[in-house]
Enquirer: 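One structure follows; several queries about it will come next.
Proteins come first, then strands; the chains are lettered A, B, ... in the order of their sequence lines, and each starts at number 1.
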Number of protein chains: 2
Amino acid sequence: MARRTAYHHGDLRKALVDTGLSMLEELGLEDLSLRKIAARVGVSHAAPEHHFPSLRHLLNALAVEGFGSFRQSMQSQMQAAPARPADQLRAALRGYLAFATAHPHLFRLMFNRNRLDWEDPVLGKAGEAARQVLKDICRPVADRLAIDTPEGRVSIEHLVWSQVHGYAHLMIDGKIEVDSACEATNSVPVPDLVDFLLPDEAG
Amino acid sequence: MARRTAYHHGDLRKALVDTGLSMLEELGLEDLSLRKIAARVGVSHAAPEHHFPSLRHLLNALAVEGFGSFRQSMQSQMQAAPARPADQLRAALRGYLAFATAHPHLFRLMFNRNRLDWEDPVLGKAGEAARQVLKDICRPVADRLAIDTPEGRVSIEHLVWSQVHGYAHLMIDGKIEVDSACEATNSVPVPDLVDFLLPDEAG
DNA sequence: GCTCCATCTTGTCACCGCCAAGATGAGGGT
DNA sequence: ACCCTCATCTTGGCGGTGACAAGATGGAGC
(Lines give C-alpha, C1' and ligand atoms only; values in the text may rest on other atoms or scores of the structure.)
Protein backbone atom coordinates (compact mmCIF):
# COMPACT_ATOMS: atom_id res chain seq x y z
CA MET A 1 0.00 0.00 0.00
CA ALA A 2 2.87 2.33 0.76
CA ARG A 3 4.67 1.47 -2.47
CA ARG A 4 5.44 4.43 -4.66
CA THR A 5 4.62 4.21 -8.37
CA ALA A 6 4.99 6.83 -11.03
CA TYR A 7 1.37 7.81 -10.67
CA HIS A 8 0.26 6.89 -7.19
CA HIS A 9 2.03 8.34 -4.22
CA GLY A 10 2.38 5.96 -1.30
CA ASP A 11 0.75 7.96 1.46
CA LEU A 12 0.20 11.45 0.13
CA ARG A 13 -1.87 12.60 3.06
CA LYS A 14 0.88 11.94 5.58
CA ALA A 15 3.49 13.38 3.24
CA LEU A 16 1.47 16.59 2.88
CA VAL A 17 1.08 16.96 6.63
CA ASP A 18 4.76 16.28 7.36
CA THR A 19 6.00 18.55 4.60
CA GLY A 20 3.41 21.14 5.56
CA LEU A 21 4.63 21.17 9.16
CA SER A 22 8.26 21.70 8.20
CA MET A 23 7.44 24.28 5.52
CA LEU A 24 5.22 26.13 7.98
CA GLU A 25 8.13 26.74 10.33
CA GLU A 26 10.40 27.41 7.39
CA LEU A 27 8.28 29.96 5.54
CA GLY A 28 5.71 31.16 8.05
CA LEU A 29 1.97 30.88 7.66
CA GLU A 30 1.71 33.85 5.28
CA ASP A 31 4.06 32.38 2.67
CA LEU A 32 2.88 28.81 2.97
CA SER A 33 0.87 27.58 0.00
CA LEU A 34 -0.71 24.36 -1.13
CA ARG A 35 1.15 24.56 -4.44
CA LYS A 36 4.55 24.89 -2.74
CA ILE A 37 3.84 21.91 -0.49
CA ALA A 38 2.66 19.85 -3.45
CA ALA A 39 5.77 20.82 -5.41
CA ARG A 40 8.12 19.77 -2.63
CA VAL A 41 6.29 16.47 -2.18
CA GLY A 42 6.61 15.99 -5.93
CA VAL A 43 2.99 15.90 -7.02
CA SER A 44 0.88 18.20 -9.16
CA HIS A 45 -0.64 21.37 -7.81
CA ALA A 46 -4.12 19.86 -7.55
CA ALA A 47 -3.10 16.55 -6.03
CA PRO A 48 -3.72 17.58 -2.40
CA GLU A 49 -7.32 18.42 -3.18
CA HIS A 50 -8.55 14.86 -2.86
CA HIS A 51 -7.13 14.55 0.66
CA PHE A 52 -7.78 18.11 1.75
CA PRO A 53 -10.72 19.78 -0.04
CA SER A 54 -9.34 23.21 0.84
CA LEU A 55 -6.27 24.79 2.37
CA ARG A 56 -8.29 25.22 5.54
CA HIS A 57 -8.59 21.46 5.89
CA LEU A 58 -4.84 21.01 5.60
CA LEU A 59 -4.21 23.74 8.17
CA ASN A 60 -6.65 22.00 10.47
CA ALA A 61 -4.66 18.78 10.12
CA LEU A 62 -1.44 20.66 10.92
CA ALA A 63 -3.05 22.17 14.02
CA VAL A 64 -4.32 18.78 15.19
CA GLU A 65 -0.80 17.39 14.82
CA GLY A 66 0.48 20.44 16.68
CA PHE A 67 -1.86 19.98 19.64
CA GLY A 68 -0.57 16.45 20.01
CA SER A 69 3.05 17.58 20.23
CA PHE A 70 1.97 20.46 22.44
CA ARG A 71 0.35 18.12 24.95
CA GLN A 72 3.38 15.85 24.85
CA SER A 73 5.71 18.78 25.48
CA MET A 74 3.89 19.66 28.68
CA GLN A 75 3.54 16.08 29.88
CA SER A 76 7.16 15.14 29.30
CA GLN A 77 8.26 18.12 31.40
CA MET A 78 5.81 17.13 34.13
CA GLN A 79 7.04 13.55 34.23
CA ALA A 80 10.58 14.78 34.78
CA ALA A 81 9.57 17.01 37.69
CA PRO A 82 8.82 16.32 41.37
CA ALA A 83 5.22 15.63 42.31
CA ARG A 84 4.74 18.81 44.34
CA PRO A 85 1.97 21.04 42.90
CA ALA A 86 4.31 23.99 42.41
CA ASP A 87 6.90 21.88 40.61
CA GLN A 88 4.27 20.23 38.45
CA LEU A 89 2.76 23.59 37.56
CA ARG A 90 6.17 25.03 36.73
CA ALA A 91 6.95 21.99 34.59
CA ALA A 92 3.71 22.31 32.62
CA LEU A 93 4.41 25.99 31.99
CA ARG A 94 7.93 25.10 30.88
CA GLY A 95 6.49 22.61 28.41
CA TYR A 96 4.00 25.19 27.17
CA LEU A 97 6.73 27.74 26.49
CA ALA A 98 9.17 25.20 25.12
CA PHE A 99 6.68 24.18 22.46
CA ALA A 100 5.83 27.77 21.55
CA THR A 101 9.48 28.75 21.11
CA ALA A 102 10.33 25.56 19.22
CA HIS A 103 7.41 25.88 16.79
CA PRO A 104 6.32 29.52 16.83
CA HIS A 105 4.42 29.49 13.54
CA LEU A 106 2.60 26.29 14.39
CA PHE A 107 1.77 27.65 17.83
CA ARG A 108 0.22 30.78 16.33
CA LEU A 109 -1.72 28.69 13.82
CA MET A 110 -3.12 26.50 16.60
CA PHE A 111 -4.84 29.52 18.15
CA ASN A 112 -5.84 31.18 14.88
CA ARG A 113 -9.56 31.83 14.80
CA ASN A 114 -9.76 32.83 11.14
CA ARG A 115 -7.68 30.27 9.28
CA LEU A 116 -8.85 27.18 11.15
CA ASP A 117 -12.26 25.51 11.16
CA TRP A 118 -13.14 25.17 14.83
CA GLU A 119 -16.38 23.43 13.95
CA ASP A 120 -14.25 20.41 13.06
CA PRO A 121 -14.72 18.04 16.01
CA VAL A 122 -11.28 16.47 15.48
CA LEU A 123 -9.63 19.83 16.02
CA GLY A 124 -11.94 20.54 18.93
CA LYS A 125 -10.98 17.30 20.70
CA ALA A 126 -7.27 17.89 20.11
CA GLY A 127 -7.45 21.37 21.57
CA GLU A 128 -9.55 20.21 24.48
CA ALA A 129 -7.08 17.41 25.32
CA ALA A 130 -4.23 19.92 25.53
CA ARG A 131 -6.36 22.26 27.60
CA GLN A 132 -7.18 19.45 29.98
CA VAL A 133 -3.52 19.17 30.95
CA LEU A 134 -3.55 22.73 32.24
CA LYS A 135 -6.91 22.24 33.90
CA ASP A 136 -5.67 19.18 35.81
CA ILE A 137 -2.53 20.93 36.92
CA CYS A 138 -4.52 23.90 38.21
CA ARG A 139 -6.78 21.88 40.48
CA PRO A 140 -4.15 21.23 43.20
CA VAL A 141 -3.32 24.92 43.06
CA ALA A 142 -6.95 25.83 43.70
CA ASP A 143 -7.05 23.31 46.56
CA ARG A 144 -3.98 24.90 48.14
CA LEU A 145 -5.64 28.30 47.94
CA ALA A 146 -8.79 26.87 49.58
CA ILE A 147 -10.81 27.58 46.46
CA ASP A 148 -13.55 25.00 46.11
CA THR A 149 -16.22 26.57 43.92
CA PRO A 150 -16.36 25.70 40.20
CA GLU A 151 -16.16 29.39 39.27
CA GLY A 152 -13.14 29.83 41.49
CA ARG A 153 -11.37 26.92 39.86
CA VAL A 154 -12.16 28.26 36.39
CA SER A 155 -10.86 31.63 37.48
CA ILE A 156 -7.54 30.13 38.56
CA GLU A 157 -7.30 28.16 35.35
CA HIS A 158 -7.91 31.30 33.29
CA LEU A 159 -5.37 33.20 35.33
CA VAL A 160 -2.64 30.60 34.81
CA TRP A 161 -3.52 29.94 31.18
CA SER A 162 -3.67 33.57 30.16
CA GLN A 163 -0.33 34.25 31.81
CA VAL A 164 1.63 31.52 30.02
CA HIS A 165 -0.26 32.13 26.83
CA GLY A 166 0.56 35.83 26.87
CA TYR A 167 4.15 35.12 27.83
CA ALA A 168 4.45 32.67 24.94
CA HIS A 169 3.05 35.17 22.46
CA LEU A 170 5.23 38.03 23.69
CA MET A 171 8.28 35.78 23.42
CA ILE A 172 7.69 34.52 19.89
CA ASP A 173 6.61 37.96 18.73
CA GLY A 174 9.91 39.41 19.94
CA LYS A 175 8.40 41.67 22.61
CA ILE A 176 10.16 39.97 25.50
CA GLU A 177 13.83 39.14 25.28
CA VAL A 178 14.75 35.62 26.26
CA ASP A 179 17.23 35.47 29.11
CA SER A 180 20.66 34.60 27.76
CA ALA A 181 21.21 32.27 30.70
CA CYS A 182 18.20 30.26 29.61
CA GLU A 183 19.56 29.95 26.11
CA ALA A 184 22.90 28.76 27.46
CA THR A 185 21.26 25.96 29.45
CA ASN A 186 18.93 25.18 26.55
CA SER A 187 16.13 25.82 29.00
CA VAL A 188 13.06 28.00 28.97
CA PRO A 189 12.14 30.71 31.49
CA VAL A 190 9.09 30.10 33.59
CA PRO A 191 6.93 33.06 34.55
CA ASP A 192 7.01 33.70 38.23
CA LEU A 193 3.27 33.75 38.70
CA VAL A 194 3.77 30.55 40.65
CA ASP A 195 5.63 32.50 43.31
CA PHE A 196 2.51 34.54 43.95
CA LEU A 197 0.12 31.62 43.78
CA LEU A 198 2.14 29.21 45.92
CA PRO A 199 4.65 31.34 47.85
CA ASP A 200 5.30 28.69 50.51
CA GLU A 201 6.57 26.25 47.89
CA ALA A 202 9.07 28.64 46.35
CA GLY A 203 12.27 27.15 45.11
CA MET B 1 -5.47 70.89 -1.30
CA ALA B 2 -8.20 68.65 0.01
CA ARG B 3 -10.47 69.35 -2.97
CA ARG B 4 -11.57 66.29 -4.88
CA THR B 5 -11.29 66.36 -8.67
CA ALA B 6 -12.00 63.62 -11.18
CA TYR B 7 -8.35 62.66 -11.25
CA HIS B 8 -6.78 63.73 -8.00
CA HIS B 9 -8.12 62.42 -4.76
CA GLY B 10 -8.10 64.96 -1.94
CA ASP B 11 -6.13 63.05 0.66
CA LEU B 12 -5.76 59.51 -0.57
CA ARG B 13 -3.34 58.49 2.14
CA LYS B 14 -5.76 59.27 4.94
CA ALA B 15 -8.65 57.75 3.01
CA LEU B 16 -6.70 54.52 2.56
CA VAL B 17 -5.84 54.32 6.25
CA ASP B 18 -9.39 55.07 7.39
CA THR B 19 -10.98 52.69 4.92
CA GLY B 20 -8.31 50.11 5.68
CA LEU B 21 -9.06 50.25 9.40
CA SER B 22 -12.77 49.71 8.92
CA MET B 23 -12.32 47.01 6.29
CA LEU B 24 -9.81 45.25 8.53
CA GLU B 25 -12.41 44.75 11.25
CA GLU B 26 -15.03 43.99 8.64
CA LEU B 27 -13.16 41.34 6.66
CA GLY B 28 -10.30 40.23 8.87
CA LEU B 29 -6.61 40.47 8.00
CA GLU B 30 -6.68 37.40 5.76
CA ASP B 31 -9.34 38.75 3.40
CA LEU B 32 -8.11 42.34 3.39
CA SER B 33 -6.49 43.41 0.13
CA LEU B 34 -5.06 46.57 -1.34
CA ARG B 35 -7.34 46.23 -4.33
CA LYS B 36 -10.49 46.01 -2.22
CA ILE B 37 -9.49 49.08 -0.22
CA ALA B 38 -8.68 50.97 -3.41
CA ALA B 39 -12.02 49.94 -4.92
CA ARG B 40 -13.99 51.15 -1.91
CA VAL B 41 -12.11 54.45 -1.85
CA GLY B 42 -12.91 54.74 -5.53
CA VAL B 43 -9.44 54.77 -7.09
CA SER B 44 -7.63 52.38 -9.37
CA HIS B 45 -5.97 49.25 -8.06
CA ALA B 46 -2.48 50.73 -8.35
CA ALA B 47 -3.28 54.13 -6.85
CA PRO B 48 -2.20 53.23 -3.28
CA GLU B 49 1.27 52.34 -4.46
CA HIS B 50 2.53 55.90 -4.48
CA HIS B 51 1.55 56.40 -0.82
CA PHE B 52 2.34 52.86 0.35
CA PRO B 53 5.01 51.09 -1.72
CA SER B 54 3.74 47.73 -0.54
CA LEU B 55 0.89 46.25 1.45
CA ARG B 56 3.29 45.96 4.36
CA HIS B 57 3.64 49.73 4.50
CA LEU B 58 -0.12 50.20 4.68
CA LEU B 59 -0.43 47.58 7.43
CA ASN B 60 2.30 49.41 9.33
CA ALA B 61 0.27 52.61 9.08
CA LEU B 62 -2.82 50.80 10.37
CA ALA B 63 -0.85 49.41 13.30
CA VAL B 64 0.57 52.84 14.15
CA GLU B 65 -2.96 54.25 14.18
CA GLY B 66 -4.01 51.28 16.31
CA PHE B 67 -1.31 51.84 18.94
CA GLY B 68 -2.56 55.41 19.32
CA SER B 69 -6.12 54.29 20.03
CA PHE B 70 -4.77 51.51 22.22
CA ARG B 71 -2.86 53.93 24.39
CA GLN B 72 -5.88 56.21 24.58
CA SER B 73 -8.11 53.32 25.62
CA MET B 74 -5.89 52.55 28.61
CA GLN B 75 -5.40 56.18 29.59
CA SER B 76 -9.08 57.10 29.44
CA GLN B 77 -9.90 54.23 31.79
CA MET B 78 -7.14 55.33 34.15
CA GLN B 79 -8.35 58.92 34.25
CA ALA B 80 -11.81 57.73 35.29
CA ALA B 81 -10.42 55.61 38.14
CA PRO B 82 -9.23 56.44 41.68
CA ALA B 83 -5.53 57.16 42.12
CA ARG B 84 -4.79 54.06 44.21
CA PRO B 85 -2.25 51.77 42.52
CA ALA B 86 -4.62 48.79 42.44
CA ASP B 87 -7.42 50.85 40.89
CA GLN B 88 -5.07 52.41 38.36
CA LEU B 89 -3.68 49.00 37.43
CA ARG B 90 -7.15 47.55 37.11
CA ALA B 91 -8.20 50.49 34.94
CA ALA B 92 -5.25 50.07 32.60
CA LEU B 93 -6.00 46.37 32.21
CA ARG B 94 -9.64 47.23 31.53
CA GLY B 95 -8.53 49.63 28.79
CA TYR B 96 -6.20 46.98 27.35
CA LEU B 97 -8.98 44.40 27.12
CA ALA B 98 -11.58 46.91 25.97
CA PHE B 99 -9.45 47.81 22.97
CA ALA B 100 -8.72 44.18 22.11
CA THR B 101 -12.38 43.19 22.19
CA ALA B 102 -13.48 46.30 20.29
CA HIS B 103 -10.87 45.87 17.52
CA PRO B 104 -9.78 42.24 17.58
CA HIS B 105 -8.31 42.12 14.08
CA LEU B 106 -6.42 45.35 14.55
CA PHE B 107 -5.16 44.13 17.92
CA ARG B 108 -3.81 40.93 16.37
CA LEU B 109 -2.20 42.90 13.56
CA MET B 110 -0.45 45.20 16.05
CA PHE B 111 1.44 42.24 17.50
CA ASN B 112 2.04 40.44 14.20
CA ARG B 113 5.71 39.77 13.67
CA ASN B 114 5.45 38.60 10.06
CA ARG B 115 3.15 41.07 8.38
CA LEU B 116 4.56 44.25 9.95
CA ASP B 117 7.93 45.90 9.44
CA TRP B 118 9.26 46.39 12.96
CA GLU B 119 12.38 48.08 11.63
CA ASP B 120 10.15 51.06 10.87
CA PRO B 121 10.98 53.56 13.66
CA VAL B 122 7.51 55.11 13.46
CA LEU B 123 5.92 51.80 14.37
CA GLY B 124 8.58 51.21 17.00
CA LYS B 125 7.86 54.52 18.72
CA ALA B 126 4.10 53.93 18.62
CA GLY B 127 4.45 50.51 20.21
CA GLU B 128 6.91 51.79 22.78
CA ALA B 129 4.56 54.62 23.80
CA ALA B 130 1.76 52.15 24.48
CA ARG B 131 4.12 49.87 26.37
CA GLN B 132 5.24 52.79 28.51
CA VAL B 133 1.72 53.12 29.92
CA LEU B 134 1.90 49.62 31.35
CA LYS B 135 5.44 50.17 32.55
CA ASP B 136 4.46 53.31 34.46
CA ILE B 137 1.48 51.62 36.05
CA CYS B 138 3.62 48.70 37.20
CA ARG B 139 6.13 50.82 39.08
CA PRO B 140 3.87 51.57 42.07
CA VAL B 141 3.04 47.88 42.19
CA ALA B 142 6.72 47.00 42.42
CA ASP B 143 7.17 49.62 45.12
CA ARG B 144 4.33 48.12 47.15
CA LEU B 145 5.96 44.71 46.88
CA ALA B 146 9.28 46.19 48.07
CA ILE B 147 10.90 45.34 44.75
CA ASP B 148 13.55 47.90 43.96
CA THR B 149 15.93 46.22 41.51
CA PRO B 150 15.62 46.93 37.77
CA GLU B 151 15.31 43.22 37.02
CA GLY B 152 12.58 42.87 39.61
CA ARG B 153 10.62 45.72 38.09
CA VAL B 154 10.97 44.25 34.61
CA SER B 155 9.82 40.92 36.00
CA ILE B 156 6.67 42.47 37.43
CA GLU B 157 6.02 44.30 34.18
CA HIS B 158 6.39 41.08 32.20
CA LEU B 159 4.12 39.26 34.62
CA VAL B 160 1.35 41.85 34.33
CA TRP B 161 1.78 42.37 30.61
CA SER B 162 1.79 38.70 29.71
CA GLN B 163 -1.31 38.08 31.80
CA VAL B 164 -3.48 40.77 30.15
CA HIS B 165 -2.00 40.01 26.78
CA GLY B 166 -2.81 36.33 27.06
CA TYR B 167 -6.25 37.07 28.42
CA ALA B 168 -6.91 39.40 25.50
CA HIS B 169 -5.83 36.79 22.97
CA LEU B 170 -7.83 34.00 24.58
CA MET B 171 -10.90 36.25 24.60
CA ILE B 172 -10.76 37.36 20.99
CA ASP B 173 -9.81 33.86 19.85
CA GLY B 174 -12.93 32.47 21.51
CA LYS B 175 -11.11 30.34 24.07
CA ILE B 176 -12.50 32.16 27.10
CA GLU B 177 -16.18 32.99 27.30
CA VAL B 178 -16.94 36.56 28.26
CA ASP B 179 -19.06 36.81 31.36
CA SER B 180 -22.63 37.67 30.39
CA ALA B 181 -22.82 40.11 33.29
CA CYS B 182 -19.95 42.05 31.77
CA GLU B 183 -21.76 42.24 28.46
CA ALA B 184 -24.90 43.50 30.15
CA THR B 185 -23.03 46.36 31.83
CA ASN B 186 -21.09 46.99 28.61
CA SER B 187 -18.01 46.46 30.73
CA VAL B 188 -14.97 44.26 30.40
CA PRO B 189 -13.73 41.69 32.90
CA VAL B 190 -10.45 42.36 34.58
CA PRO B 191 -8.16 39.44 35.37
CA ASP B 192 -7.80 38.93 39.05
CA LEU B 193 -4.02 38.90 39.06
CA VAL B 194 -4.31 42.20 40.90
CA ASP B 195 -5.82 40.35 43.85
CA PHE B 196 -2.64 38.33 44.19
CA LEU B 197 -0.29 41.25 43.60
CA LEU B 198 -2.02 43.75 45.87
CA PRO B 199 -4.27 41.72 48.19
CA ASP B 200 -4.62 44.46 50.78
CA GLU B 201 -6.19 46.79 48.24
CA ALA B 202 -8.87 44.36 47.13
CA GLY B 203 -12.21 45.77 46.11
C1' DG C 1 0.71 80.78 -19.92
C1' DC C 2 4.02 77.13 -19.42
C1' DT C 3 6.47 73.65 -17.47
C1' DC C 4 7.37 70.19 -13.95
C1' DC C 5 6.34 66.40 -11.37
C1' DA C 6 3.41 64.39 -7.78
C1' DT C 7 -0.43 61.71 -8.48
C1' DC C 8 -3.40 58.48 -10.63
C1' DT C 9 -4.64 54.98 -14.58
C1' DT C 10 -4.09 51.12 -17.56
C1' DG C 11 -1.83 46.98 -18.59
C1' DT C 12 0.79 43.04 -17.37
C1' DC C 13 3.19 39.34 -14.73
C1' DA C 14 3.68 35.37 -11.57
C1' DC C 15 1.44 33.23 -7.98
C1' DC C 16 -2.46 31.78 -5.32
C1' DG C 17 -6.82 28.69 -4.06
C1' DC C 18 -10.28 26.43 -6.19
C1' DC C 19 -12.87 23.91 -9.80
C1' DA C 20 -13.64 20.81 -14.01
C1' DA C 21 -12.44 17.15 -16.94
C1' DG C 22 -9.67 13.56 -18.12
C1' DA C 23 -5.74 10.00 -17.46
C1' DT C 24 -3.97 6.20 -14.62
C1' DG C 25 -3.72 1.97 -12.29
C1' DA C 26 -4.64 -0.82 -7.95
C1' DG C 27 -7.88 -4.12 -6.23
C1' DG C 28 -12.07 -6.83 -6.32
C1' DG C 29 -15.49 -9.72 -8.61
C1' DT C 30 -16.27 -13.03 -12.14
C1' DA D 1 -6.93 -14.38 -16.63
C1' DC D 2 -9.92 -10.61 -17.55
C1' DC D 3 -12.44 -6.52 -16.91
C1' DC D 4 -14.46 -3.04 -14.28
C1' DT D 5 -14.80 0.25 -10.78
C1' DC D 6 -13.30 4.12 -8.57
C1' DA D 7 -9.83 6.25 -5.60
C1' DT D 8 -6.09 8.90 -6.93
C1' DC D 9 -3.45 12.02 -9.59
C1' DT D 10 -2.71 15.28 -13.86
C1' DT D 11 -3.68 18.99 -16.93
C1' DG D 12 -5.97 23.14 -17.86
C1' DG D 13 -8.36 27.15 -16.59
C1' DC D 14 -10.84 30.73 -13.67
C1' DG D 15 -10.91 34.95 -10.83
C1' DG D 16 -8.28 37.37 -7.45
C1' DT D 17 -3.86 39.08 -5.43
C1' DG D 18 0.60 42.14 -4.86
C1' DA D 19 4.02 44.15 -7.50
C1' DC D 20 5.92 46.45 -11.43
C1' DA D 21 6.13 49.34 -15.92
C1' DA D 22 4.64 52.92 -18.79
C1' DG D 23 1.69 56.46 -19.81
C1' DA D 24 -2.16 60.06 -18.79
C1' DT D 25 -3.59 64.05 -15.94
C1' DG D 26 -3.65 68.39 -13.86
C1' DG D 27 -2.25 71.38 -9.69
C1' DA D 28 1.56 74.41 -8.26
C1' DG D 29 5.26 77.38 -8.96
C1' DC D 30 7.71 80.24 -12.14
Side-chain angles (χ1 to χ4, degrees), chain A residues 1-21 23-24 26-63 105 109 112-117 120, chain B residues 1-21 23-24 26-63 105 109 112 114-117 119-120:
Chain A
M1 162 187 279
R3 207 172 65 254
R4 168 72 196 257
T5 73
Y7 207 89
H8 281 330
H9 191 280
D11 190 352
L12 182 54
R13 184 187 170 91
K14 176 168 165 38
L16 289 171
V17 169
D18 291 346
T19 306
L21 282 173
M23 290 188 79
L24 172 60
E26 190 177 322
L27 304 175
L29 180 56
E30 340 291 332
D31 295 329
L32 188 68
S33 78
L34 269 178
R35 289 166 110 105
K36 285 179 189 166
I37 299 176
R40 180 170 296 190
V41 170
V43 295
S44 74
H45 68 263
E49 197 156 331
H50 182 79
H51 303 275
F52 302 102
S54 80
L55 174 60
R56 181 176 297 262
H57 289 81
L58 175 56
L59 295 183
N60 257 49
L62 299 186
H105 290 104
L109 173 64
N112 193 312
R113 189 173 199 172
N114 307 317
R115 305 288 298 259
L116 297 179
D117 174 21
D120 177 10
Chain B
M1 161 188 284
R3 207 170 65 255
R4 168 72 196 256
T5 73
Y7 206 88
H8 281 331
H9 191 280
D11 190 352
L12 183 55
R13 185 189 170 90
K14 177 168 165 40
L16 290 171
V17 170
D18 291 345
T19 306
L21 282 173
M23 290 188 78
L24 173 60
E26 190 177 323
L27 304 175
L29 180 57
E30 340 290 331
D31 294 328
L32 189 67
S33 79
L34 270 177
R35 289 166 109 104
K36 285 178 189 166
I37 299 176
R40 181 170 296 189
V41 169
V43 295
S44 75
H45 68 264
E49 196 156 332
H50 181 78
H51 301 276
F52 302 102
S54 80
L55 173 60
R56 183 175 295 262
H57 290 81
L58 174 55
L59 295 183
N60 257 48
L62 299 186
H105 289 104
L109 173 64
N112 193 311
N114 307 317
R115 304 289 296 261
L116 297 179
D117 174 21
E119 302 297 320
D120 176 11

Enquirer: Please determine, for the side chain of B:A46, which listed nucleotide (C:dC19, D:dC9, D:dC20) has the closest atom?
Expert: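 Looking only at heavy atoms from C-beta outward on B:A46, the closest nucleotide is D:dC20.
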
Enquirer: A:L29 CG to C:dC16 C1': how many Å, rounded?
Expert: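 To the nearest whole Å, that distance equals 14 Å.
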
Enquirer: Check every strand shown and say whether A:S33 touches a base, only sugar-phosphate, or nothing at a heavy-atom separation below 4.0 Å.
Expert: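 The answer is sugar-phosphate, as A:S33 gets under 4.0 Å only of primed atoms, P, OP1 or OP2.
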
Enquirer: Name the closest nucleotide to the B:H51 side chain, picking from D:dG18, C:dC18, C:dT7.
Expert: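 For the B:H51 side chain, the nearest candidate turns out to be C:dT7.
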
Enquirer: Looking only at side-chain N and O atoms, does B:N60 offer a donor or acceptor that is under 3.5 Å from a partner on B:D117?
Expert: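 No - no donor-acceptor pair under 3.5 Å links their side chains.
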
Enquirer: Figure out the CG/P separation between B:D11 and D:dG27, and round it to whole Å.
Expert: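 Rounded to the whole Å, the gap is 16 Å.
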
Enquirer: Which pair of non-hydrogen atoms, one from A:L109 and one from A:L116, has the smallest distance, and what is that distance?
Expert: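 A:L109 and A:L116 have their closest heavy atoms at O-CD1, 2.9 Å.
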
Enquirer: Round to the nearest Å and state the distance from A:R13 atom CZ to D:dA7 atom P.
Expert: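 Spelled out: CZ on A:R13 to P on D:dA7 is 16 Å.
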
Enquirer: Grab the CG-C1' distance between B:L55 and D:dG16 for me, whole Å please.
Expert: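 So the CG-C1' distance, B:L55 to D:dG16, works out to 14 Å.
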
Enquirer: Does B:H45 get its side chain close enough to the base of D:dG16, under 3.5 Å, for a donor-acceptor pair?
Expert: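 Between D:dG16 and B:H45, which were checked side chain against base, a qualifying N/O pair under 3.5 Å is absent.
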
Enquirer: Please figure out whether A:P48 or B:K36 has its closest DNA chain D nucleotide nearer the 5' end.
Expert: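 Residue closer to the 5' terminus by nearest nucleotide: A:P48.
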
Enquirer: Whether B:E30 and B:R115 form a salt bridge (side-chain N of Lys/Arg under 4.0 Å from carboxylate O of Asp/Glu) is what I want to check.
Expert: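 No, this pair does not count.
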
Enquirer: Could you tell me whether the side chain of A:K36 and the main chain of A:D31 form a donor-acceptor pair under 3.5 Å?
Expert: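 Such a contact is found between A:K36 side chain and A:D31 backbone.
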
Enquirer: Can you work out whether B:R35 or A:S54 has the more 5'-proximal nearest nucleotide on DNA chain C?
Expert: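 In this pair, the answer is B:R35.
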
Enquirer: Which nucleotide, C:dT9, D:dA7, D:dA19, lies nearest any side-chain atom of A:H50?
Expert: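 It is D:dA7.
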
Enquirer: Would you kindly give the CD-to-P distance between A:E30 and D:dA19, to the nearest whole Å?
Expert: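 Rounded to the whole Å, the gap is 13 Å.
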
Enquirer: Tell me: CG of A:D117 to C1' of C:dG17, nearest whole Å?
Expert: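 My rounded result for the distance is 17 Å.
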
Enquirer: Nearest whole Å is fine: how far is C:dT12 P from B:E49 CD?
Expert: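 Nearest whole value for this atom pair: 17 Å.
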
Enquirer: Within this structure, what is the CG-to-P distance between A:L34 and C:dC18, rounded to whole angstrom?
Expert: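 For the pair A:L34 CG and C:dC18 P, the rounded distance is 7 Å.
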
Enquirer: So if I take every side-chain heavy atom of B:S44 and compare against C:dT10, D:dA19, C:dC18, which nucleotide ends up nearest?
Expert: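 Shortest atom-to-atom distance from the side chain points to C:dT10.
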
Enquirer: Taking B:R35 for the side chain and B:S44 for the main chain, is one N or O donor matched with an acceptor at less than 3.5 Å?
Expert: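 No, because the side chain of B:R35 does not come within donor-acceptor range (under 3.5 Å) of the backbone of B:S44.
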
